[in-house]
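In listed order, ligands and their atoms are each counted from 1.
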Amino acid sequence: MTRFDIITVFPELFAGVLDCGIIRRARQAGVVDVRLVNLRDFAKDRHKSVDDRPFGGGEGMVFMPGPLFEAVESCQSGHVAGGDAAGIGASDAGKGEVVFLTPQGRIWSQEMAEEFATFSHLILICGRYEGVDQRVVDHLVDREVSIGDYILTGGEIPAMALLDSVVRLLPGALGCGESAVNESFSTGLLDYPQYTRPAEFRGYAVPDVLLSGDHAKIEKWRREKALEKTKRVRPDLVDRCAARNSRN
Ligand code: ADE
């Protein structure tokens, strides 16, 4: 079973994601164990402070190292002090891979999701405010991950995206008829368009070829459509695909 510990000041944000669809089913099936760790449980004062003003001055607040080190260490020892255990099953101790969600990180990709799906224990740190004390990044974090070049109000939504993309790759997470291999990323191109019933909707018809029953023709049409779309919206993927093919 893969274990995720998610360290956050807003554990309540995760309720919907953990209790719906494939993630809920994977948790129930014992494929994944997700624990929410409230960073404020590791605060030292009665106000439950976890951040402070930056040395050297400047705007905003910075997460202090103390609560984050203690929260991560509690995950590593298998005891989540006061944590809101959303998961099932006993803990397995171990260092785990400590991942910090930050716009300063490496851009998340399907390739990274595949690598993370091989880990048994992931500890995700969700940042907030202006950032975290650099000693956390230098001495506690194994990897910094960004989900794209834009700034969110915190690392919680990025952590959900990371969790979702890894869980669907875990053996046993998807039911029969569901495929973890996405056409887009296995071919290196974006997906071809899909249609379902009715064959005509408000005057808009499904392309004839899809109703022809000629599988070779359908394959060819899908490849052409995928390439056309990828050239239009993601020319970078076409170049990458060509480079990969020329190496092989
Ligand atoms: N925190 C704020 N914005 C982020 C992003 N784009 N990726 C990861 N963490 C973030």
Problem - Polar proximity ligand 1 side, L152 side, N/O cut 3.5 Å exclusive - result: yes
Exercise for the section: Go through the side-chain N and O atoms of T102 and E144 and say whether any donor and acceptor fall under 3.5 Å apart. Expected result: no
Handout entry: Polar proximity ligand 1 side, P158 side, N/O cut 3.5 Å exclusive
Key = no
Problem - Donor-acceptor under 3.5 Å (R40 side chain, K48 main chain) - result: yes
Practice task
Please say whether V145 places an N or O atom under 3.5 Å from an N or O atom belonging to ligand 1.
Solution key: no
Practice task
Name the orientation class of the two ring planes belonging to Y195 and W221 (parallel below 30°, tilted from 30 to 60°, perpendicular beyond 60°).
Solution key: tilted
Handout entry: Side-chain ion pair, K44 and E70, N-O less than 4.0 Å
Key = yes
Fill in the blank from the handout: Closest to atom 7 (N) of ligand 1 among protein heavy atoms sits I147 N, 3.0 Å
Problem - Protein heavy atom at shortest distance from atom 6 (N) of ligand 1 - result: Y150 O, 2.8 Å
Exercise for the section: Applying ring-ring contact (aromatic ring centres under 6.0 Å, His included), run through Y204 and F201 and close with a yes or a no. Expected result: CA-CA 5 Å; Y204 304 120; F201 173 72; 7.1 Å; no
Exercise for the section: Could you list the atoms of ligand 1 found under 4.0 angstrom from a heavy atom of G148? Expected result: 6 (N)
Problem - T102, any N or O under 3.5 Å of ligand 1 N or O - result: yes
Problem - Non-hydrogen side-chain atoms of S120 and T2 separated by less than 4.5 Å - result: no
Completion exercise
Numbered in order shown, the ligand 1 atoms found under 4.0 Å of a heavy atom of G154 are 1 (N), 2 (C)
